[in-house]
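Below is one structure, written out as structure tokens, with a few remarks after it.
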Number of protein chains: 2
Amino acid sequence: MRVDAQRNYEHLLDTGRVVVVEQGAEASLRDVARRAGVGLGTLYRHFPSREALLEALLRESFDKLAAQAAELEAASAPADALIVWLRDFVAFSHIYRGVTEMMMAAIENTESALHASCVRLRGAGSQLLTRAQAAGAARPDMDGTDLFALVTALAWLADQPSSAARADHLFDIIASAILAPGASSDPRSESA
Amino acid sequence: MRVDAQRNYEHLLDTGRVVVVEQGAEASLRDVARRAGVGLGTLYRHFPSREALLEALLRESFDKLAAQAAELEAASAPADALIVWLRDFVAFSHIYRGVTEMMMAAIENTESALHASCVRLRGAGSQLLTRAQAAGAARPDMDGTDLFALVTALAWLADQPSSAARADHLFDIIASAILAPGASSDPRSESA
DNA sequence: ACCTGAACACCGTTCAAGT
DNA sequence: ACCTGAACACCGTTCAAGT
């Protein structure tokens, strides 16, 4: 990469972060280029799609979340590990407004630049869920895709002004469903 | 209202329905006017905002949902009434893509043309919830706003291509949390 | 009273022309 | 190699001018 290209790339990332914090995942790409002092074509050259820019902005967080899933799996009790990680997931997706919806679209779309990262996160959650299920600490009639949907819905609720203030409480309610209350004290109880 | 105005209004509603079914709640208003064979200003005269158009399109469904809440309250067991109504709510919001997000925004925004209808629905759900709680059939640490958020999240999930197919299952999971399993068999159990 | 559509200020995306 | 910005096809919203 030429030095000027490298400089532009980094400047676009920095500016992108600022603008996406301000305007959310649907931020004006024109505005990003403008504020980065760069031609519109330069932005598109470095980030061929909106998802590509977001992926670059989120890469570090994606990596952190995946690493923490592994740590939790090694160090925490199954139920705790799952819940702590889900909470981290919600906190993470709160960095940028509207990123939740994009991730939900990306996980179905192989072409999306966010696809791989979303699949990776779903996999990380899936492992924590399976472990909790094996320990009898999570309801058995769920898989990683269900978990991803539920945590994404929670992240979405945390993004909505009318429910953001009760996001923690809503988290607890859904968490109680995932943890299948009563399952450990009465292993014979199944889904209704 | 002048006869030509009346005709335009109805034509806009019919066309609006078609276009919103096609494109979702964020449909192009220009397109609606164009396909209705009407000037852009005419659309804005009859529907000063996107929400006003959606409100007109949804009015009938809003009324039906409210009426059914009353019926269920009179005729069904508390838990059944609540669950059936929540299911109807999700089905209703599935008519138009993206309407869920708009409703979530409208319930906080007194200026929105959808505000009153959303508040009414929240109230209807709230009553069903209170009744179920009084019967010991729903978890006590929730109110109508929590319920509205949860059912809206379910409606949102039903709108996302990656979770639409499992919408029923996700509904059951969240419903199980609302119904506070074990509460009736052990009234002493409280929120964790 | 009501309708029309040009006008304004924005988008995303592409691509010929420049260095 | 890389950058630029005009060009194209769209938006939402307003409002002067028409009937």
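Quick note on labels: first sequence line is chain A, next is B, and so on, each numbered from 1. Hydrogens, waters and symmetry mates play no part in the numbers below; they use all other heavy atoms, side chains included. This one's a predicted model, so the numbers in the text were calculated from it and none came from an experiment.
For B:His46, no side-chain nitrogen or oxygen approaches OP1 or OP2 of C:dC2 to under 4.0 Å. A:Asn8 has no side-chain polar atom (N or O) that falls below the 4.0 Å cut-off from OP1 or OP2 of D:dC2. Within the structure, a side-chain polar atom (N or O) of A:Arg34 is placed less than 4.0 Å from OP1 or OP2 of C:dC11.
Atom-to-atom, CD of A:Gln23 to C1' of C:dC11 comes out at 11 Å; the value is rounded to the nearest Å. When the P atom of D:dT4 is taken as reference, atom CG of A:Leu43 falls 11 Å away, rounded to whole Å. The CZ atom of B:Arg7 sits 10 Å away from the P atom of C:dC3 (whole-angstrom rounding). Whole-Å rounding puts the A:Leu40 CG to C:dT14 C1' distance at 10 Å. Protein atom CG of A:Leu53 is 12 Å distant from nucleotide atom P of C:dT13, rounded to whole Å. In this structure, the CG atom of A:Leu12 is 13 Å from the C1' atom of D:dT4, given to the nearest Å.
Among the nucleotides C:dA1, C:dG12, C:dC3, the one closest to any side-chain atom of B:Arg2 is C:dA1. In this structure, of C:dG12, D:dG12, D:dC3, it is D:dG12 that holds the atom nearest to the side chain of B:Arg50.
Between B:Glu22 and B:Arg17 there is no salt bridge, since none of the side-chain N atoms of the basic residue sits less than 4.0 Å from a carboxylate O of the acidic one. Contact check on A:Asp63 versus A:Arg120 returns a salt bridge, with a Lys/Arg side-chain nitrogen under 4.0 Å from an Asp/Glu carboxylate oxygen. Classification of B:Asp31 and B:Arg34 as a salt-bridged pair holds, one side-chain N sitting under 4.0 Å from a carboxylate O.
Where B:Arg30 and B:Tyr9 each meet DNA chain C at their nearest nucleotide, the meeting point lying more 5' is that of B:Tyr9.
Panel note: side chain B:Arg50, backbone B:Ala27; a donor-acceptor pair is recorded below 3.5 Å.
In this structure, B:Ser28 reaches the sugar-phosphate backbone alone: every heavy-atom distance under 4.0 Å involves primed, P, OP1 or OP2 atoms, never a base. Looking at heavy-atom distances under 4.0 Å, B:Ala33 makes no contact with the nucleic acid at all.
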